[in-house]
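Shown next, in structure tokens, is the structure this report addresses.
Any value given below was found using the heavy atoms of this structure, including those in side chains, with hydrogens, waters and symmetry copies removed.
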Amino acid sequence: MRPVAVVGIGKTPFGAFPARDLRSLAEEAIARCLEDAHAGPSQVEAFYLGNFAGPSFVGQSHLAPYVAAACGLTGIPATRFEAACASSGAAFHHGVLAVAAGIHDVVLVAGVEKMTSEISARVAQILASAGDLAGEIRAGATFPALFAMIARRHMHQYGTTREHLARVAVKNHANGAKNPLAHMRKEVTLETVLAARPVAEPLTVYDCSLISDGAAALLLAPLERAADFTSRPVRVLGVAQSSDRLALQEKEDITTFEAVKRAAKKAYQMAGVGPADIEFAEVHDCFTIAEIMAIEDLGFVAKGEGGPFTAAGSTAPGGRIPVNASGGLKSKGHPVGATGVAQICDLVEQLRGEAGERQLERHSLGLAQNLGGSGATAVVSILSS
Amino acid sequence: MDEANRNFGPGVVYTETVVHAAPEAFLRDAPYQLAIVELQGGGRRTVRILAQTEGERVHIGDRVEFVELREGVPFYRKAP
């Protein structure tokens, strides 16, 4: 396998954009990415698109060639990847494999979701389809409800508190306030999070990521060809994907995601590094409890210590391992199919030293963790400057 | 016993939540309590809890009893 580099990135702002359709969002991110890589559409050999529920949200299927054609990418393999909220993480994983294996040289990977065209109860129903229909969704489970049940169990087993969860939201909103592309650019207080409207107890609306529109794209090339595109290539040291059962009721212990642990172990092995070497991370904080579980399952802290570690400020910028300096899904927004690639773009900005106000002091080795559903898909990526 | 009349038997609450923001299909039910129950006969099931009052809501470790199946969904209540 040959070394692979990210040679270009492009993102749209995340937010609610009633006047924008899915295709125009994807087009914008791809145009920015190709411009960043000084590349033209004719250089792209394959196109992998992450999208969770375009057919349900906007009524359009066959999305990869639909987007590709609009971007001038014609006559190449164009494939959509669906893995719930890890859709574009899975697309990235397969894009890296294709370049590493020498099947393609230049692969464009993008993610897109257009979610705000539907009312929130309908969005909740569409998102719930990423759970186990017969086992949990028919009983009335939503994604907030599944993560609320995980939170209750985590609190029961490890003494995690309601305030620990809120600390994740406060930190990520403080980070996102500095991100010009973030959906909700405002700081929130602990009191605001705790007193907010309940969504699924104990989670309030501020424990939940945002329903957003948006797209992100990146260009992959063999490291040996990276100089054709950029003077600041970012190397993909490791990327791994794993899976698990969908239904929480079928998992031995719902306070840990085995797929995340498996993907992390493999990604660390590929990269030749361990959790203690990672300088910063973008993790899948679809709900506040998910960030606490992520830092545990990735090995940054021991199981059960994620809450106190967060409350101590160890995951804030300047802390031991800054997590979600972008604002995370919580504040940046979570257009689900775009999230995996957007996380990689956020790592690349940090690794290049181009994160502006959000720039971290240590920024040579970063990790991204993208989660699908309640842990049935996980993708872990490790990148270095 | 056919599936429609299957009794899942008693169990203990493994975890629970009260759903306030319901999906389209359950808007009329909200708020409602959902739980994963550790069945006495083995395995876990995601169930609905019948609770009219705060006192009838269940917590982790509470014993619960099977009431009925509604469209394939087991409904439970706090055991006396």
Requested in this report: Heavy-atom pairs under 4.5 Å with chain A are the metric here; pick the option from B:Val47, B:Asp29, B:Val37, B:Ile36 that has the most.
Outcome: B:Ile36
Indicate yes or no: at least one non-hydrogen side-chain atom of [X] is less than 4.5 angstrom from one of [Y].
| X | Y | result |
| --- | --- | --- |
| B:His20 | A:Val199 | no |
| A:Arg153 | B:Ile60 | yes |
| A:Thr142 | B:Phe26 | no |
| B:Thr15 | A:Ile150 | no |

Need one label for [X]: side chain, backbone, both or neither, based on atoms under 4.5 Å from any heavy atom in chain B.
| X | answer |
| --- | --- |
| A:Ala128 | neither |
| A:Pro144 | neither |
| A:Glu118 | neither |
| A:Leu146 | neither |

Query - Exercise: identify the closest heavy-atom pair between A:Gln125 and B:Pro23 - result: OE1-CB, 3.4 Å
Query raised in the report: How far apart are the closest heavy atoms of A:Lys251 and B:Arg44, and which atoms are they?
Result: O-NH1, 2.8 Å
Below 4.5 Å from any heavy atom of chain A, which atoms of [X] appear? Answer side chain, backbone, both or neither.
| X | result |
| --- | --- |
| B:Ala22 | backbone |
| B:Tyr14 | both |
| B:Leu34 | both |
| B:Ala30 | neither |

Query raised in the report: In this structure, are over 12 heavy atoms from other groups packed under 6.0 Å from B:Arg57 atom CZ?
Result: yes
Report task. Would you check, one step at a time, whether the test side chain to side chain contact (heavy atoms under 4.5 Å, CB included) holds for A:Leu248 with B:Thr46? Result -> CA-CA 8 Å; A:Leu248 289 186; B:Thr46 307; 6.0 Å; no
Query - Under-4.0 Å salt bridge between A:Arg138 and B:Glu71 - result: no
Query raised in the report: So, B:Thr17 versus A:Glu201: side-chain donor-acceptor pair below 3.5 Å or not?
Result: no
Query raised in the report: When you look at B:Glu16 and A:Met149, which way does the side chain to side chain contact (heavy atoms under 4.5 Å, CB included) test go after all the steps?
Result: CA-CA 5 Å; B:Glu16 53 77 28; A:Met149 291 197 288; 5.5 Å; no
Requested in this report: Return the option, out of A:Ala151, A:Ala124, A:Ala121, A:Pro202, with the maximum number of heavy-atom pairs under 4.5 Å with chain B.
Outcome: A:Ala121
Report task. Please check if the side chain of A:Arg197 supplies one atom and the backbone of B:Ala21 the other of a donor-acceptor pair under 3.5 Å. Result -> no
